[in-house]
> 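Have a look at the structure that comes next, please.
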Amino acid sequence: MYDELTEQDIKKMEEEIEYRKLVVRKEALEAVKEARAQGDLSENFEYHAAKKDKNQNESRIRYLERMIKTAKVISTDSAEDEVGMNNTVTVYFEEDDEEEVYKLVTTVRGNSLKNLISNESPLGKALLGHKVGDRVEVAVNENYSYYVVIRKIENTVDDGSDKIKRF
């Protein structure tokens with residue numbers, strides 16, 4: 001399985017990798033070196049904390065590099081009047097008689113608590129390519145689906161504020 005990423009996702013990941021390699025790595029190594037100089041390592045909390053921070057940084061670098069290496073690059077292009085990547089969409093849930101606003105993002109930026117839905121989620125998949133006024137069936141699984149109506153589409157752009165998931 002691969003993740004679908006936009007060019008902006010990859011650029012942001014590459015920038016984070018560079019920052020972590022050039023800045024964070026150097027600071028982490030210095031913190032380990034300073035803590036090691038304090039003496040007995042078996043009871044040295046600062047040493048263990050510094051090593052943990054250093055290892056977390058290295059893990060994050062490996063994670064981001066693996067994501068870039070195995071990702072499928074997708075386009076953010078869509079027609080002005082169609083739901084596409086990074087668009088903010090107002091949908092009406094018929095069953096609940098409620099409206100919600102979501103932004104359609106890639107899997108590495110998805111965060112349902114902030115209404116950032118992935119293009120791989122059932123709702124995200126269903127909305128892609130549809131227009132205002134369309135009644136769309138959202139298939140959750142073989143046994144359950146529901147309908148939403150697209151009320152509004154805002155052609156928002158990736159401004160970099162949607163954070164990439166930690167892991």
Side-chain angles (χ1 to χ4, degrees), residues 1-21 23-25 28 52-132 134-167:
M1 179 80 182
Y2 54 84
D3 284 294
E4 292 181 339
L5 303 175
T6 63
E7 290 290 337
Q8 294 91 340
D9 289 337
I10 290 175
K11 183 176 185 247
K12 190 167 184 168
M13 288 176 162
E14 289 171 341
E15 288 170 357
E16 183 177 345
I17 289 168
E18 183 175 350
Y19 173 76
R20 286 182 172 280
K21 284 182 173 180
V23 178
V24 178
R25 181 183 277 164
K52 182 179 178 186
D53 287 344
K54 178 188 159 301
N55 291 338
Q56 285 177 336
N57 184 58
E58 296 303 318
S59 292
R60 178 69 174 171
I61 291 170
R62 286 191 304 273
Y63 168 74
L64 294 170
E65 288 174 338
R66 188 173 54 252
M67 290 293 292
I68 292 170
K69 182 178 176 182
T70 62
K72 175 185 173 189
V73 178
I74 60 170
S75 172
T76 58
D77 295 337
S78 64
E80 282 290 315
D81 61 344
E82 290 181 348
V83 176
M85 294 304 299
N86 297 312
N87 288 161
T88 301
V89 184
T90 303
V91 293
Y92 171 70
F93 290 84
E94 293 179 348
E95 282 183 11
D96 302 326
D97 191 30
E98 289 183 7
E99 266 189 7
E100 289 286 337
V101 178
Y102 297 99
K103 184 174 180 182
L104 197 62
V105 296
T106 56
T107 55
V108 295
R109 294 185 189 224
N111 183 341
S112 58
L113 297 176
K114 294 185 178 185
N115 284 9
L116 300 173
I117 60 167
S118 161
N119 59 323
E120 293 293 309
S121 70
L123 181 57
K125 281 182 189 177
L127 293 175
L128 274 173
H130 286 279
K131 299 179 180 189
V132 171
D134 286 357
R135 184 174 185 251
V136 180
E137 181 179 16
V138 180
V140 176
N141 59 40
E142 315 177 337
N143 302 317
Y144 179 70
S145 64
Y146 60 91
Y147 286 91
V148 297
V149 177
I150 299 173
R151 296 263 171 101
K152 182 179 177 185
I153 301 169
E154 295 176 61
N155 290 313
T156 49
V157 295
D158 179 8
D159 62 3
S161 64
D162 304 327
K163 303 289 184 217
I164 293 175
K165 288 182 186 177
R166 292 295 303 161
F167 287 98

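Counting from 1, the numbers follow the sequence of the chain as shown.
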> Is there a side chain to side chain donor-acceptor pair (under 3.5 Å) between Gln8 and Thr6? Walk through the geometry before answering.
CA-CA 5 Å; Gln8 294 91 340; Thr6 63; 3.3 Å; yes
> Would you indicate whether the side-chain heavy atoms of Val101 and Thr88 approach each other to under 4.5 Å?
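The answer is yes; the side chains approach within 4.5 Å.
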> Working to the nearest 0.5 Å, report the span between CG of Asp9 and CG of Leu64.
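Going from the CG atom of Asp9 to the CG atom of Leu64 covers 11.0 Å.
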> Could you pull out all residues at least two apart from Glu58 that satisfy side-chain hydrogen bond (donor to acceptor under 3.5 Å, both in side chains)?
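Only Arg25 meet the side-chain hydrogen bond (donor to acceptor under 3.5 Å, both in side chains) criterion with Glu58.
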> When rounded to the nearest 0.5 angstrom, what distance separates CZ in Arg109 from CG in Leu5?
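Reported value, rounded in 0.5 Å steps: 9.0 Å.
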> Restricting to salt bridge (Lys or Arg N to Asp or Glu O under 4.0 Å), what partner residues turn up for Glu154, sequence neighbours left out?
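Residues passing salt bridge (Lys or Arg N to Asp or Glu O under 4.0 Å) with Glu154: Lys152.
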> Could you work out, with side chain to side chain contact (heavy atoms under 4.5 Å, CB included) as the rule, every residue matching Tyr19, not counting sequence neighbours?
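Once residues adjacent in sequence are excluded, the partners of Tyr19 under the side chain to side chain contact (heavy atoms under 4.5 Å, CB included) criterion are Val23, Val24.
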> Among all residues two or more places apart in sequence or in another chain, which pass the side-chain hydrogen bond (donor to acceptor under 3.5 Å, both in side chains) test with Ser145?
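Glu137.
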> State which residues pass side-chain hydrogen bond (donor to acceptor under 3.5 Å, both in side chains) with Lys21; sequence neighbours excluded, sorted by chain then number.
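Applying side-chain hydrogen bond (donor to acceptor under 3.5 Å, both in side chains) to Lys21 gives Glu65.
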> In chain order, what residues pass the side-chain hydrogen bond (donor to acceptor under 3.5 Å, both in side chains) check against Asp81, with sequence neighbours excluded?
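Listed in chain order: Lys131.
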> List in chain and number order the residues that pass side chain to side chain contact (heavy atoms under 4.5 Å, CB included) with Asn141, two or more places apart in sequence or in another chain; answer none if no residue qualifies.
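For Asn141 the side chain to side chain contact (heavy atoms under 4.5 Å, CB included) partners, ignoring immediate neighbours, are Asn143, Tyr144.
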> Not counting sequence neighbours, which residues clear salt bridge (Lys or Arg N to Asp or Glu O under 4.0 Å) with Arg62? List them please.
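In terms of salt bridge (Lys or Arg N to Asp or Glu O under 4.0 Å), with neighbours along the sequence ignored, Arg62 is linked to no residue.
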> Please list all pairs meeting salt bridge (charged side-chain N to carboxylate O under 4.0 Å, His left out) that have one or both residues in residues 88-98, counting only residues at least two apart or in different chains.
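For residues 88-98: Glu94-Arg135.
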> Suppose the criterion is ring-ring contact (aromatic ring centres under 6.0 Å, His included): which pairs have a residue in residues 93-124, not counting sequence neighbours?
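Found Phe93-Tyr146.
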> Under the salt bridge (Lys or Arg N to Asp or Glu O under 4.0 Å) rule, collect the residues that match up with Glu14, sequence neighbours excluded.
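If we apply the salt bridge (Lys or Arg N to Asp or Glu O under 4.0 Å) test to Glu14, skipping adjacent residues, there are no hits.
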> Using the salt bridge (charged side-chain N to carboxylate O under 4.0 Å, His left out) rule, collect all pairs that involve residues 82-93, keeping only residues at least two apart or in two chains.
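Residue pairs with at least one partner in residues 82-93: there are none.
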> Taking the side chain from Ser112 and the backbone from Asn115, do they hold a donor-acceptor pair closer than 3.5 Å?
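Not a single qualifying donor-acceptor pair exists.
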